[in-house]
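All values below were derived from every heavy atom in this structure, side-chain atoms included, with hydrogens, water molecules and symmetry-related copies excluded. All values reported here derive from a predicted model rather than from experimental measurement.
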Amino acid sequence: MLLAAQSSSWNAHDTRLIVAAVLGIALIIVLIARFKVHPFLALVAGSALTGFAAGVGSADVILNFESGVGATLQEVGLLIALGAMLGKLLAESGGADQIVDTLVSRSGPRMVPWSMALVAVIVGLPMFFEIGLVLLLPVIVLVAKRTELPLMRVAIPALAGLSVLHGLIPPHPGPLIAIQALKAQLGITLAFGLLVAIPTVALCGPLFSYVAARWVPVQAPETAGGVDTRTERAASDEVKRPPSFGVTLTTILFPVVLMLLKALADIIWDSDKTNRARLIFDFIGEPLVALFLAVVLASITFGYAVGFDSKAISDRIGAALPPIAGIILIVGAGGGFKQTLIGSGLGDSIGKAAHNSGISVVVIAYLLAVAIRLATGSATVATTTVAGLMAPLAHGQPSVHLALLALAVGAGSLFLSHVNDAGFWLVNQSFRLTVGQTFKTWSVMETLISVIAFGFISVLWVVT
């Protein structure tokens with residue numbers, strides 16, 4: 001159901017709001033792509049230009065931005081920090097190596113790409129894409145050398161697993177931002193996200209790797225990201241008893257299981273919101289609580305149990321925080337820009353345009369995310385901005401469609417990574433590829449992920 005305002009006719013103020021938004025987004029693009037300004041500062045400048053161009057008072061421009069930052073970071077910022085802590089403990093304890101060694105050692109050469117996709121999915125659950133990629137870089141090179149497979153047969157499945165989770169599966173920041181802005185239910189979004197993610201990873205990872213390896217027939221470099229592969233193995237002198245495969249897998253999946261239990265409880269006791277069991281599962285299944293409990297569990301399984309003392313655990317948790325400061329600032333500024341657009345009334349104007357166009361709301365969400373992803377190079381900025389813009393259109397949609405809208409935004413935010421995306425250069429430099437080779441492998445893979453994931457989401461939209 002669309003808002004009543006969206007059914008009224010288009011007017012000059014609506015045009016002004018659209019122009020203001022275009023100017024703001026254009027400024028952000030130019031500052032990031034041309035002048036290499038940090039995305040945080042670019043988003044602040046773009047928000048100011050948008051607000052003033054839309055005719056919003058100076059006090060409200062500041063208030064809108066600040067409230068957007070606060071609303072976004074009040075939960076997502078904490079989740080980013082907790083996820084980084086969990087990822088750091090996983091890496092330092094040798095748990096990630098345990099997963100890789102166990103799965104790869106049980107695979108024949110033909111199954112290695114599938115094993116690497118599974119490794120990336122497991123390792124990527126608690127980690128952000130960049131952290132997961134840095135962690136897996138030496139593993140990818142080591143596996144490619146050990147199995148004598150072309151580099152792309154090993155790298156593409158791992159990259160696909162990390163990328164799909166980053167765009168579609170909470171507790172990653174993008175999906176959580178979309179869920180929050182669109183008022184979608186976490187459990188339903190997580191369930192549909194997994195349903196879409198599994199076939200998408202299979203098609204764009206192991207299967208596409210056959211094609212990518214023929215297009216770019218390169219072998220593994222001697223180093224991963226300029227670092228000798230042997231130095232990146234996590235077995236330090238302090239690790240006396242590396243965690244077993246079962247313990248590692250249980251710890252990583254623990255927060256996801258808690259969130260799924262919350263979704264299951266909401267279904268079972270849908271009509272009884274005072275049921276004690278439902279209240280308990282609703283509490284422990286909240287992302288903040290689930291990730292906090294996962295960090296507590298990891299402090300034991302990846303900490304005390306492997307031989308770390310309290311100081312060593314604390315040092316590692318503390319070391320996880322500085323690298324994510326920039327991520328938190330960008331996410332917060334993206335929320336501020338989103339609120340600037342909403343505060344100007346742009347959401348209602350887009351609602352009018354969408355209502356008059358007759359295009360499905362899920363298609364609009366996807367195409368807007370694609371446009372901003374191509375323009376800014378940031379999946380997080382695309383997700384944050386589009387989720388806020390789509391909030392008025394999402395009003396009155398059933399809970400299932402709200403979840404699918406959030407996933408459509410996430411799918412669009414992964415479209416065609418190119419030269420304005422930090423991930424493009426991270427892959428390019430880490431695997432010693434040329435720009436052309438990076439486009440043929442990484443960029444094509446990202447585009448396939450976006451299109452195929454949206455295809456599955458569209459089918460679910462029609463049948464639900």
S.K.: Is the closest side-chain heavy-atom distance between Pro243 and Thr301 below 4.5 Å?
M.R.: no
S.K.: For Thr441, check side chain to side chain donor-acceptor pair (under 3.5 Å) against everything at least two apart and list the hits.
M.R.: none
S.K.: Can you tell me how far apart CE (Met85) and OG (Ser299) are? Round to the nearest 0.5 Å.
M.R.: 9.5 Å
S.K.: Backbone N or O of Ala411 within a donor-acceptor pair of the Ser450 side chain at under 3.5 Å?
M.R.: yes
S.K.: Rounded to the nearest 0.5 Å, how far does CG of Leu404 lie from CG of Leu182?
M.R.: 11.0 Å
S.K.: Consider only side-chain N and O atoms of Thr340 and Thr50, and report whether a donor and an acceptor are under 3.5 Å apart.
M.R.: no
S.K.: What residues, two or more places apart in sequence or in another chain, satisfy ring-ring contact (aromatic ring centres under 6.0 Å, His included) together with Phe281?
M.R.: none
S.K.: Determine whether Met390 and Val361 make a side-chain contact, defined as any pair of heavy atoms from C-beta on separated by less than 4.5 Å.
M.R.: yes
S.K.: Using every non-hydrogen atom in the two residues, find where Ser47 and Leu43 come nearest and quote the distance to one decimal.
M.R.: OG-O, 2.7 Å
S.K.: Determine, step by step, whether Met152 and Ser209 satisfy the side chain to side chain contact (heavy atoms under 4.5 Å, CB included) criterion, reporting the C-alpha distance in whole Å, the side-chain angles of both residues, the deciding distance to 0.1 Å, and the verdict.
M.R.: CA-CA 6 Å; Met152 289 302 120; Ser209 71; 5.7 Å; no
S.K.: Would you say Leu17 and His13 make side-chain contact, with heavy atoms under 4.5 Å?
M.R.: yes
S.K.: What is the distance from atom CG of Asn275 to atom CG of Asp282, rounded to the nearest 0.5 Å?
M.R.: 9.5 Å
S.K.: Does any N or O in the side chain of Arg278 come within less than 3.5 Å of the main-chain N or O of Ala265, such that one atom is a donor and the other an acceptor?
M.R.: no
S.K.: Is there a side-chain contact between Ile449 and Phe415, using heavy atoms and a 4.5 Å cut-off?
M.R.: no
S.K.: With Arg16, which residues qualify under side chain to side chain donor-acceptor pair (under 3.5 Å), at least two apart?
M.R.: none
S.K.: Would you say that more than 12 heavy atoms from the other residues, nucleotides or ligands in this model lie under 6.0 Å from the CZ of Phe52, or not?
M.R.: yes
S.K.: Over 60° means perpendicular and under 30° means parallel, so classify the ring planes of Tyr366 and Phe454, tilted if in between.
M.R.: parallel
S.K.: Using the side chain to side chain donor-acceptor pair (under 3.5 Å) criterion, which residues pair with Thr200? Sequence neighbours excluded.
M.R.: none
S.K.: As an exercise, state the distance from CG of Leu288 to CG of Leu176, rounded to the nearest 0.5 Å.
M.R.: 10.5 Å
S.K.: Taking all heavy atoms of Ser443 and all of Leu416, pick out the closest pair and write down the distance.
M.R.: CB-CD1, 3.9 Å
S.K.: For residues Leu159 and Phe431, determine if any side-chain heavy atom of one lies less than 4.5 Å from a side-chain heavy atom of the other.
M.R.: yes
S.K.: Would you check, one step at a time, whether the test side chain to side chain contact (heavy atoms under 4.5 Å, CB included) holds for His166 with Leu162?
M.R.: CA-CA 6 Å; His166 178 74; Leu162 291 173; over 6 Å; no
S.K.: Got Phe439 and Phe424 here, is their nearest side-chain heavy-atom distance under 4.5 Å?
M.R.: yes
S.K.: Specify the closest pair of heavy atoms between Thr251 and Val247, including all atoms of both residues, with the distance to one decimal.
M.R.: OG1-O, 2.8 Å
S.K.: Measuring from Gln98:CD to Thr248:OG1, what's the distance to the nearest 0.5 Å?
M.R.: 6.0 Å
S.K.: Phe302 vs Leu297, test: side chain to side chain contact (heavy atoms under 4.5 Å, CB included). Steps then yes/no.
M.R.: CA-CA 8 Å; Phe302 297 155; Leu297 176 61; over 6 Å; no
S.K.: Which heavy atom in Leu168 sits nearest to a heavy atom in Gly410, and how many Å separate them?
M.R.: CD2-C, 4.1 Å
S.K.: Please report the interatomic distance OG(Ser67) to CD1(Ile62), rounded to the nearest 0.5 Å.
M.R.: 12.0 Å
S.K.: Locate the shortest heavy-atom distance separating Leu194 from Ile169; write the atom from each residue and the value.
M.R.: N-CD1, 3.5 Å
S.K.: Trp114: what forms a ring-ring contact (aromatic ring centres under 6.0 Å, His included) with it, not counting sequence neighbours?
M.R.: none
S.K.: Are side-chain heavy atoms of Leu203 and Phe456 found at a separation under 4.5 Å?
M.R.: yes
S.K.: Shortest non-hydrogen contact from Ile156 to Met445?
M.R.: O-SD, 3.7 Å
S.K.: Could you check if a side-chain atom of Leu186 sits within less than 4.5 angstrom of a side-chain atom of Pro170, using non-hydrogen atoms only?
M.R.: yes
S.K.: Would you say the side chains of Ser163 and Glu446 form a donor-acceptor pair under 3.5 Å?
M.R.: yes
S.K.: With sequence neighbours excluded, what pairs up with Arg153 under the salt bridge (charged side-chain N to carboxylate O under 4.0 Å, His left out) test?
M.R.: none
S.K.: Are the side chain of Asn64 and the backbone of Asp60 linked by a donor-acceptor contact shorter than 3.5 Å?
M.R.: yes
S.K.: Using the rule given for side chain to side chain contact (heavy atoms under 4.5 Å, CB included), can you reason through Leu279 versus Phe283, listing the C-alpha separation, both sets of side-chain angles and the distance that settles it, and then say yes or no?
M.R.: CA-CA 6 Å; Leu279 293 175; Phe283 177 73; over 6 Å; no
